[in-house]
Trainee: 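My questions all concern the structure below.
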Number of protein chains: 2
Amino acid sequence: MMTRYKMKMTYDGHLFHGFQIQPNQRTVQGEIEKALLKMTKGQRVVVHGSGRTDAGVHAKGQVIHFDYPGKIPAKNMMMALNSLMPRDILFTESEIVDKDFHVQYSTKGKWYRYIVDQHHFTDPFKRFYTGHYPYPVEIEKMKIAAQDLLGEHDFTSFAASGGQIIDKVRTIYYVNIESKPEDKEIVFDFIGNGFLYNMVRIMVGALLEIGNGKRPVHDLQRVIAAKDRQEVRTTAPASGLYLYHVFYDEVPEKYRLDKKKH
Amino acid sequence: MMTRYKMKMTYDGHLFHGFQIQPNQRTVQGEIEKALLKMTKGQRVVVHGSGRTDAGVHAKGQVIHFDYPGKIPAKNMMMALNSLMPRDILFTESEIVDKDFHVQYSTKGKWYRYIVDQHHFTDPFKRFYTGHYPYPVEIEKMKIAAQDLLGEHDFTSFAASGGQIIDKVRTIYYVNIESKPEDKEIVFDFIGNGFLYNMVRIMVGALLEIGNGKRPVHDLQRVIAAKDRQEVRTTAPASGLYLYHVFYDEVPEKYRLDKKKH
């Protein structure tokens, strides 16, 4: 008998070669499947993630599902896996779900966070956990610019080449940019129905250029319309990016800024 | 002409084999001396630290001094060194001082911080930056116990063997223990005129055992009187320890709790 488990997890991505399993590389999926292989005594259990994260990208709220041959209470499954995990992975929630639940196809939205360190030289304790941008930025300019990202757009200009996805239309529900002067940090939050490869890191790169005055405030309107990746050449580093939350219920109204726009 | 520089620095200790230079090991002192060797084009400059930190121990306010052959403005010296440092070391303050200043012998006090992570399994983002203690503790008990450490005592029971120091009398000026339930953390602060080898980590180990009920609340009075390292066998892990600040002026009155103690 197979039981489907849905589990929420957090990981420090800096020593992983990303989420997705790859031969001879240390990956998040690889570590989980290795642990499950021990539990099943050799029967492979395929782990599905809500989405891939690249090398160096972190997760506060990644979600996975897998079908386990047998039935263990959800809490016990979590305890067992946590005992077998390396210290950079931690499961935080666990439940048994129906077979029609799919961690990737059942999503209603995703929340990414990006943290920028503004120190002149990076704070040693933040070097793996923030993206470094030591140049002056005007937060207000970036907030105005972020409005241009809200709603449904073809985000071709914000997608790294190499992806196999043809439909590049996505809807951004929510953008928030907050300055934390006491930590010399800027925190970007993005919630949308989906994000293209590197899209958040490219959006952050473009927003920082606007904040720094390298681009006009409403340049993103032009960039979106151009549908050309060459319009934004800056990709913010992986180290600042966190998969923060995955929504399986409708994204709450308070995060639907796209609906309140004009 | 030699110029003496006093510099304040922060470092993430988790990838260092401690502060003190050692052959074939990556150390903080080694990295600084390597950079200075580049600046002097081959003339060794000896770096003195206010004290050693062990492998894995961090610093928010380590202080060093060295004599440089030549005179560069203090700010420029800091910029030059920061440009040559690996990303886990950062200089934050710099000044030119008299020859009678010595970073180790001129100290008036030291401040160590210890951070305990109380999650059942360690938070992945804290594994290098906290000590893990998942057992229940009563903060109030530890606060009462900490009073017994204040003042001048022979701390033989709290010194790791192997040190060459014979006089084990030290004065603790200040202890503060703060629970941060939102982060599941406990933060310990200790200020004293000096600390023996592993002393802070052993004091934290003993305090946690009191908080957990393994020892009576006033057990430290007995432990101190015993002058026997076997009385405390628990040394909290290096990962939670920070050299937080070194005082070169008198320790401010607000941190002299030992004087207020009757």
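Every chain is numbered from 1, with letters handed out A, B, ... down the list of sequences.
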Trainee: For B:Arg127, is the CZ atom crowded, meaning more than 12 foreign heavy atoms sit under 6.0 Å from it?
Mentor: yes
Trainee: Can you name the residues of residues 24-44 of chain A that have some heavy atom under 4.5 Å away from a heavy atom in chain B?
Mentor: none
Trainee: Looking only at non-hydrogen atoms, find the nearest pair between A:Asp123 and B:Leu90 and report the distance.
Mentor: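 The answer is CA-CD2, 4.4 Å.
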Trainee: Would you please classify the geometry between the A:His14 ring and the B:His14 ring as parallel, tilted or perpendicular, with 30° and 60° separating the classes?
Mentor: perpendicular
Trainee: Is there a side-chain contact between A:Tyr242 and B:Phe125 in this structure, where contact means two heavy atoms from C-beta onward sitting under 4.5 Å apart?
Mentor: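 A:Tyr242 reaches B:Phe125 side chain to side chain.
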Trainee: Heavy-atom count check: over 12 atoms from other residues, nucleotides or ligands less than 6.0 Å from A:Asp249 CG?
Mentor: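 No, because the 6.0 Å sphere around CG of A:Asp249 holds 12 heavy atoms or fewer from other groups.
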Trainee: Please tell me if the side chains of A:Met78 and B:Phe121 come closer than 4.5 Å, counting only heavy atoms from C-beta onward.
Mentor: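 The answer is no, as the side chains (C-beta and beyond) never meet within the 4.5 Å cut-off.
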Trainee: More than 12 heavy atoms of other residues, nucleotides or ligands under 6.0 Å from NZ of A:Lys214: yes or no?
Mentor: yes
Trainee: A quick test of your reading: do over 12 heavy atoms of other residues, nucleotides or ligands sit less than 6.0 Å from NZ of B:Lys108?
Mentor: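 Atom NZ in B:Lys108 is crowded, with more than 12 foreign heavy atoms closer than 6.0 Å.
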Trainee: Quick check: are there more than 12 heavy atoms from other residues, nucleotides or ligands sitting under 6.0 Å from NZ of A:Lys71?
Mentor: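 No, not enclosed.
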Trainee: A quick test of your reading: do over 12 heavy atoms of other residues, nucleotides or ligands sit less than 6.0 Å from OH of A:Tyr173?
Mentor: yes
Trainee: Answer yes or no: are there more than 12 heavy-atom neighbours, outside A:Arg52 itself, under 6.0 Å from its atom CZ?
Mentor: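 Not more than 12 within 6.0 Å, no.
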Trainee: Is B:Met79 close to chain A through its backbone or its side chain, or both, or neither, when contacts mean heavy atoms under 4.5 Å?
Mentor: both
Trainee: For the candidates A:Lys126, A:His119, A:Lys60, which exhibits the highest count of non-hydrogen atom pairs separated by less than 4.5 Å from chain B?
Mentor: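 Answer, by heavy-atom pair count under 4.5 Å with chain B: A:Lys60.
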Trainee: Pick one of side chain, backbone, both or neither for B:Thr92, based on which atoms fall under 4.5 Å of a heavy atom in chain A.
Mentor: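 Nothing of B:Thr92, per the 4.5 Å heavy-atom cut-off to chain A.
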Trainee: Please flag which part of B:Phe91 lies under 4.5 Å from any non-hydrogen atom of chain A: side chain, backbone, both or neither.
Mentor: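 Neither part; nothing is under 4.5 Å.
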Trainee: I'd like to verify something: which residue of A:Asn82, A:Thr122, A:Ile89 has the highest number of heavy-atom pairs under 4.5 Å with chain B?
Mentor: A:Asn82
Trainee: State whether the number of non-hydrogen atoms from other residues, nucleotides or ligands found under 6.0 Å of B:Tyr248 atom OH is greater than 12.
Mentor: yes
